[in-house]
Amino acid sequence: MRLALLILLLALPLAGALAAPDGARLFREHCSACHGFDGQGGMGLPLSLPDFLAVADDAYLTRTIRHGRPGRLMPAFRELGDSQVQAIVGFIRGLQPGIPAPPSNDEPVAGDARRGADLYRKHCQRCHGADGWGGRGTGVTFSRPRDFPVMPPALNNPGFQAAASDRFIRRTLLHGRRGTPMPSFRERGLSEQDVDDIVRYVRQLGRAPGSWRPPAEQPPVLMFDSPYSLAQTVANIKRAVVGNNFRTVRVQPLETGLRPPGEESPGQYVIFFCNFEFANRALGLDPRVGLFLPCQITVLKTADGGVKVMSMNPKFMSRIYNNRELDEACDEMHDLYLSIMEEATL
Ligand code: HEC
Ligand code: HEC
């Protein structure tokens with residue numbers, strides 16, 4: 001009994017050390033790909049700027065991680081435990097250890113939304129969009145206007161609205177963010193009342209009709225049975241690709257690179273095809289599309305001698321991208337895959 005207690009007492013601090021989530025590791029695992037190794041920014045906004053950490057309270061950071069920004073790349077992290085989210089927030093705070101966190105305070109600020117609307121049109125619209133949709137594109141490579149180091153975030157976004165308190169928005173407007181295009185409106189000569197009026201209007205943007213909805217559930221793969229032989233089906237697909245204004249890049253065994261040349265299964269082929277105008281447009285919206293280019297359709301002989309035609313489902317991909325602008329391109333690509341596969345198996 002006593003021995004058990006002793007072991008327990010000895011083991012406790014050790015277990016505690018093992019169990020405490022490591023904020024740096026979690027940040028690098030879940031956030032760095034977009035926000036940079038040390039939060040300096042990339043596809044996601046910079047998180048290490050002194051002017052950001054001086055105005056962002058812990059509730060804002062925590063709620064942003066939980067809600068994400070639906071349709072704006074920033075994912076919602078629902079699978080992380082509370083202590084893990086706290087550890088990530090602690091890591092972000094540690095990027096500017098000299099700057100104390102402002103208090104979290106959800107009390108509303110009082111202002112006149114109608115006056116705020118006029119001020120918004122005059123001072124904010126050119127960057128954050130007429131109804132708060134934010135800048136276009138992801139902010140990386142050629143989707144970003146050259147003079148913009150980061151894209152203006154969407155202010156009508158349900159995730160932003162749920163995360164940001166009135167006080168946070170107020171502080172952001174008064175303070176601005178040096179190192180980004182976001183100016184300080186105190187320095188621009190707006191009064192505190194002007195700023196509060198704008199805050200009330202920014203709140204209304206979140207209630208605008210037609211705000212973003214997640215795309216419907218989708219199967220990951222599109223699949224058709226072909227009544228033709230494997231060779232005939234491949235020929236049909238090549239014909240349908242051209243008929244849809246795309247061009248075939250190459251046809252190769254599915255197992256290319258996995259087996260020595262000449263030993264690949266003769267019953268499985270991939271047809272790669274492309275349309276450069278379309279590819280450039282999609283890459284401009286989100287460079288991650290590059291992982292799935294050129295377009296490809298797989299043709300397989302099944303064990304019972306049938307032939308199947310399949311592709312990934314672009315509408316399924318668009319849920320993963322979380323990029324509202326890309327959804328339209330994915331819908332277009334989805335219809336293209338369907339039309340090629342339907343034509344080839346008719
Ligand atoms: C010249 C372009 C520009 C103008 C004008 C501008 N912003 Fe910004 N704003 C930005 C950028 C870029 C960011 C992101 C800054 C960053 O990287 O931290 C931003 C960030 C913000 C944020 C923080 C949101 C978030 O998700 O972090 C709020 C709120 C905001 N702006 C509101 C406004 C309002 C309201 C106005 C008008 C009074 C305004 N902005 C004017 C470019 C602009
Ligand atoms: C796939 C890319 C991506 C990943 C992964 C990602 N973010 Fe973001 N994040 C973004 C983008 C893009 C925005 C700006 C939203 C907008 O454009 O409206 C953003 C915004 C934010 C903001 C608001 C910043 C501001 O200036 O107000 C915070 C805080 C944030 N992310 C934290 C995190 C944390 C913490 C993680 C990891 C747990 C994470 N993000 C993972 C892309 C990402």
Side-chain angles (χ1 to χ4, degrees), residues 23 26-36 39-49 51-53 55-58 60-77 79-80 84-85 87-92 116 119-129 132-140 144-145 147-161 163-166 168-186 188 190 194-195 197-203 205 212 286 288 320-325:
L26 287 165
F27 184 86
R28 278 165 194 148
E29 197 172 308
H30 297 287
C31 324
S32 279
C34 294
H35 289 284
Q40 72 276 24
M43 222 189 304
L45 298 179
L47 302 178
S48 58
L49 291 175
D51 283 345
F52 172 63
L53 289 173
V55 302
D57 50 86
D58 284 357
Y60 175 70
L61 295 177
T62 306
R63 293 193 289 226
T64 300
I65 296 169
R66 285 295 189 212
H67 293 289
R69 302 271 165 98
R72 293 285 296 179
L73 295 170
M74 167 73 198
F77 292 87
E79 74 290 354
L80 294 176
Q84 290 177 304
V85 171
I88 294 174
V89 169
F91 172 79
I92 297 174
L119 290 164
Y120 181 90
R121 272 190 290 279
K122 190 155 166 232
H123 296 288
C124 323
Q125 178 160 320
R126 76 189 165 94
C127 292
H128 291 283
W133 277 118
R136 288 178 63 81
T138 52
V140 274
R144 165 171 66 197
D147 51 340
F148 267 63
V150 288
M151 293 311 288
L155 304 179
N156 68 354
N157 190 272
F160 169 73
Q161 291 280 339
S165 64
D166 285 6
F168 164 77
I169 301 174
R170 179 183 217 270
R171 284 195 295 268
T172 301
L173 300 191
L174 287 171
H175 217 93
R177 295 200 187 152
R178 273 163 295 177
T180 84
M182 175 68 191
S184 153
F185 286 94
R186 200 197 312 268
R188 292 267 170 113
L190 295 199
D194 291 336
V195 164
D197 293 345
I198 298 174
V199 171
R200 290 266 52 83
Y201 179 66
V202 167
R203 281 296 173 215
L205 290 176
W212 190 86
D286 195 321
R288 292 174 296 173
I320 297 173
Y321 290 128
N322 189 30
N323 182 342
R324 178 180 73 99
E325 287 172 57

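Order of listing sets the numbers, starting from 1, for every ligand and every atom in it.
- Considering every non-hydrogen atom in both Leu61 and Phe52, the closest pair reads CD2-CZ, 3.9 Å.
- Arg69 places no side-chain N or O within 3.5 Å of a backbone atom of Met74 that could act as its donor or acceptor partner.
- Ligand 2 lies within reach of Ile92, whose nearest heavy atom is under 4.0 Å from it.
- Of all heavy-atom pairs between Gln40 and Ser48, the closest is CA-OG, 3.8 Å.
- With Gln84 contributing its side chain and Gly23 its backbone, the two residues share no donor-acceptor pair below 3.5 Å.
- None of Leu119, Leu174, Thr172 except one satisfies the side-chain contact (heavy atoms from CB on, under 4.5 Å) rule with Val195; the exception is Leu174.
- The proximity of Ile88 to ligand 2, defined as any non-hydrogen pair under 4.0 Å, is limited to the side chain.
- Across all non-hydrogen atoms, the minimal contact from Gly176 to Asp51 is O-CB, 3.6 Å.
- Close contacts between ligand 1 and Arg69 involve ligand atoms 26 (O) [criterion: under 4.0 Å to a heavy atom].
- The heavy atom nearest to atom 29 (C) of ligand 1, considering only Phe168, Tyr201, Phe160, is found in Phe160.
- For a distance bound of 2.8 Å, the N, O or S atoms of Met74 include one lying that close to atom 8 (Fe) of ligand 2.
- Compare Ala164, Pro153, Gly176 by their heavy atoms: the one nearest to atom 20 (C) of ligand 1 is in Pro153.
- Using a 4.0 Å heavy-atom cutoff, Ala33 is absent from the residues neighbouring ligand 2.
- A 6.0 Å sphere centred on CZ of Arg28 holds more than 12 heavy atoms belonging to other residues, nucleotides or ligands.
- Remark: ligand 2 and Arg72 share an N or O pair separated by less than 3.5 Å (distance only, no angle test).
- When non-hydrogen atoms are compared, ligand 1 lies under 4.0 Å from neither the backbone nor the side chain of Phe52.
- Near Cys34, with a cut-off below 4.0 Å to any heavy atom, the atoms of ligand 2 are 1 (C), 2 (C), 3 (C), 4 (C), 5 (C), 42 (C), 43 (C).
- Contacts with ligand 2 closer than 4.0 Å are made by side-chain heavy atoms of Leu47 only, the backbone lying farther away.
- Among the backbone and side-chain atoms of Cys127, none of the N, O or S atoms lies under 2.8 Å from atom 8 (Fe) of ligand 1.
- Here the closest heavy-atom approach between residue Ile92 and residue Leu53 is recorded as O-CD1, 3.5 Å.
- Between atom 37 (C) of ligand 2 and the options Gly23, Pro75, Cys31, the minimum heavy-atom separation is to Cys31.
- Comparing Arg177, Arg126, His123, Gln125 against atom 27 (O) of ligand 1, the shortest heavy-atom distance belongs to Arg177.
- By the criterion of a heavy-atom distance under 4.0 Å, neither the backbone nor the side chain of Leu119 is placed next to ligand 1.
- Of all heavy-atom pairs between Leu47 and Phe27, the closest is CD1-CE1, 3.9 Å.
- Distances from atom 24 (C) of ligand 2 to the heavy atoms of Leu26, Leu61, Leu45 show the closest one on Leu45.
- Taking every heavy atom of both residues into account, Pro153 and Leu45 meet most closely at CG-CD1, 4.0 Å.
- The proximity of Leu190 to ligand 1, defined as any non-hydrogen pair under 4.0 Å, does not occur for either the backbone or the side chain.
- Residue Thr180 approaches ligand 1 through these ligand atoms, each under 4.0 Å from one of its heavy atoms: 15 (C), 16 (C), 17 (O).
- The atom name of the N/O/S atom in His35 closest to atom 8 (Fe) of ligand 2 is NE2.
- Residue Thr172: no N/O/S atom is found under 2.8 Å from atom 8 (Fe) of ligand 1.
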